[in-house]
Amino acid sequence: MKFIPTDFLYQPIVKKHIAIIAVGFLLGILLYGYIHSSGFQNISELLLSGLLGIIVSYITYYSNGLLNGWFPWKEQPGVRLLCGITLQGGLGILTVFGCLWIYTSLSGKPSLFLNDPQDVLIKIMLLLFSIALIYNIIYFATYAYYQYAKGQLMQIQLQRKQTQLQLGALKNQLSPHFLFNSINTLSSLFQKDVKKAEIFIRSLAKSYQYTLQTYEDPLVSLKEELDFVASYCYLIKTRFGDHLKMKIDLPEALLSSKVPPLTIQMLVENAVKHNIMDASRVLELGISSEAGKLLVVNNKTGKRPGIDSFKIGLNNITARYKLLTNQDVVIENTDEFKVLLPIIR
């Protein structure tokens, strides 16, 4: 003799149908008891009433799918509630009286409910509409709580994802390779120009201070980011001199807009990392606006040997903008390398 596995009963779909059957059967018995509050109750009719309750429960359950498609709770909660009460109450009445008519026709016996048709009709209508009202109110309350919990969970997930991306940008900025090059440059400056070395140290300190202060912030002002980029570019130009040029052409009003921290710096770093810079090949960087977006562009001077592109920085920027604005970052890799960033107000 085979038994049903115990874990089968704990499957969500099985638990759902067990609940529908149990509630429907109970409501059917309560309906029978409500109508026959006095007098003898027939056991077979009581069981048939329970079966009728299960049928009504399944009709109500499956009608939810249609109603949710026609009148979504999120967009039309009042209409959905009213239609749910009206439709499900009406379907319940039609189902009950349809089944009673079939029972009477097949058995040749008086219907189990129809000893006093007018009184029974009123009682059934009141009870089924009351059940439909209570059910839809509970359904709406459950839906509202579920949406609230889902929203809270999504917010936590987005915050966690944002933090992970920010940490990725931070690790990129604090990379040993960048620090090693900076220390070598600083060592060389102390031998040649102490004053310039002091300026280099202040720029390096400012760069790391900005990085550590903003890595937890989802957004900073464009002006703050550009000030940081200026300090970062000073470090790069100290190494490469006039082989790096930057031009910023932005309206004053755009400086108050927002960007994820380290975004422009990562694009500048990406350009420096992948392009050769010497007297005959000057890397030119431009920051401006185009078509309602922030444009960061650089020319191509030639690919640096031994440098592979894994697009980690670009993927980080794209993912952060997707989380914050649900807009795409546009990347154009032709004669020039262009990145168009959505403007965040």
Side-chain angles (χ1 to χ4, degrees), residues 169-170 172-211 220 222-250 254-255 259 261-290 294-314 316-317 329 331-341:
L170 175 63
N172 187 64
Q173 174 61 18
L174 298 177
S175 64
H177 180 72
F178 173 76
L179 186 58
F180 177 76
N181 287 335
S182 297
I183 292 173
N184 281 343
T185 303
L186 186 59
S187 175
S188 176
L189 283 175
F190 271 120
Q191 297 175 13
K192 298 176 182 179
D193 190 334
V194 175
K195 187 174 181 179
K196 200 171 183 180
E198 291 176 356
I199 298 174
F200 185 89
I201 291 173
R202 284 197 292 270
S203 296
L204 184 62
K206 186 177 180 180
S207 174
Y208 278 103
Q209 182 182 23
Y210 175 85
T211 301
V220 295
L222 179 57
K223 185 179 185 308
E224 289 179 284
E225 180 75 4
L226 290 177
D227 288 343
F228 165 62
V229 169
S231 297
Y232 177 77
C233 282
Y234 179 83
L235 301 177
I236 303 299
K237 291 182 75 172
T238 302
R239 290 176 56 203
F240 296 100
D242 293 333
H243 303 158
L244 172 67
K245 292 183 179 180
M246 174 174 282
K247 181 181 179 181
I248 299 176
D249 183 17
L250 290 169
L254 203 59
L255 296 179
V259 294
L262 306 177
T263 298
I264 299 177
Q265 180 273 332
M266 291 175 73
L267 294 175
V268 172
E269 183 181 19
N270 192 59
V272 171
K273 177 182 177 182
H274 293 285
N275 287 276
I276 297 173
M277 285 184 283
D278 55 33
S280 61
R281 290 173 286 190
V282 177
L283 179 63
E284 297 178 352
L285 293 161
I287 302 174
S288 59
S289 59
E290 180 181 295
L294 186 65
L295 171 64
V296 182
V297 59
N298 65 268
N299 63 331
K300 292 182 177 180
T301 63
K303 184 176 174 60
R304 277 195 178 191
I307 301 295
D308 296 321
S309 176
F310 299 103
K311 297 184 178 180
I312 296 174
L314 290 174
N316 183 292
I317 292 169
V329 172
I331 300 172
E332 298 178 5
N333 191 2
T334 54
D335 294 337
E336 297 179 310
F337 190 81
K338 293 183 178 181
V339 178
L340 289 159
L341 305 171

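Since the model is a prediction, treat every value here as computed from it, not as a measurement.
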Note: Asn275 and Arg304 closest approach over all heavy atoms is O-NE, 3.2 Å
All heavy atoms of Ser289 vs all of Leu250, minimum pair found to be N-CD2, 3.8 Å
| query | Heavy-atom distance under 4.5 Å between the side chains of Ile317 and Leu341, does that happen here? | reply | yes
* Asked: Is Asp335 atom CG crowded by more than 12 heavy atoms from other residues, nucleotides or ligands, each under 6.0 Å away?
  -> no
Value for CE (Met277) from CZ (Arg239), rounded to nearest 0.5 Å, stands at 7.5 Å
(Q) Assess the residue pair Leu222 and Ile264 against the criterion (side-chain contact (heavy atoms from CB on, under 4.5 Å)); give the C-alpha distance rounded to whole Å, side-chain angles, the decisive distance to 0.1 Å, and a yes or no. (A) CA-CA 9 Å; Leu222 179 57; Ile264 299 177; 3.6 Å; yes
_Sub-4.5 Å side-chain heavy-atom contact between His243 and Thr301_ = no
Heavy-atom closest pair (Cys233 atom, Met246 atom, distance to 0.1 Å) is SG-CE, 3.3 Å
Checklist entry - Mind checking whether Glu224 and Asp227 have side chains closer than 4.5 Å, heavy atoms only? => result no
Do Val282 and Asp242 come close enough that some side-chain heavy atom pair is under 4.5 Å?
no
Scanning both residues in full, the closest heavy-atom pair of Leu244 with Lys237 reads O-CE, 3.4 Å
Value for NZ (Lys300) from CD (Glu284), rounded to nearest 0.5 Å, stands at 15.0 Å
query = Run the side-chain contact (heavy atoms from CB on, under 4.5 Å) check on Val329 and Leu314 step by step: do they pass?
reply = CA-CA 9 Å; Val329 172; Leu314 290 174; over 6 Å; no
Of all heavy-atom pairs linking Val259 and Glu225, the shortest is CG2-CB, 3.8 Å
Item checked: Non-hydrogen side-chain atoms of Glu332 and Leu340 separated by less than 4.5 Å -> yes
Full working for side-chain contact (heavy atoms from CB on, under 4.5 Å) between Ile331 and Phe337: CA-CA 8 Å; Ile331 300 172; Phe337 190 81; 3.8 Å; yes
Closest non-hydrogen atoms of Leu285 and Ala271, given as atom of the first, atom of the second and distance, are CD2-CB, 3.6 Å
Separation between CG (Leu254) and NZ (Lys223), nearest 0.5 Å, reads 13.5 Å
When rounded to the nearest 0.5 Å, the distance separating CG of Asn298 from CD1 of Ile287 is 10.5 Å
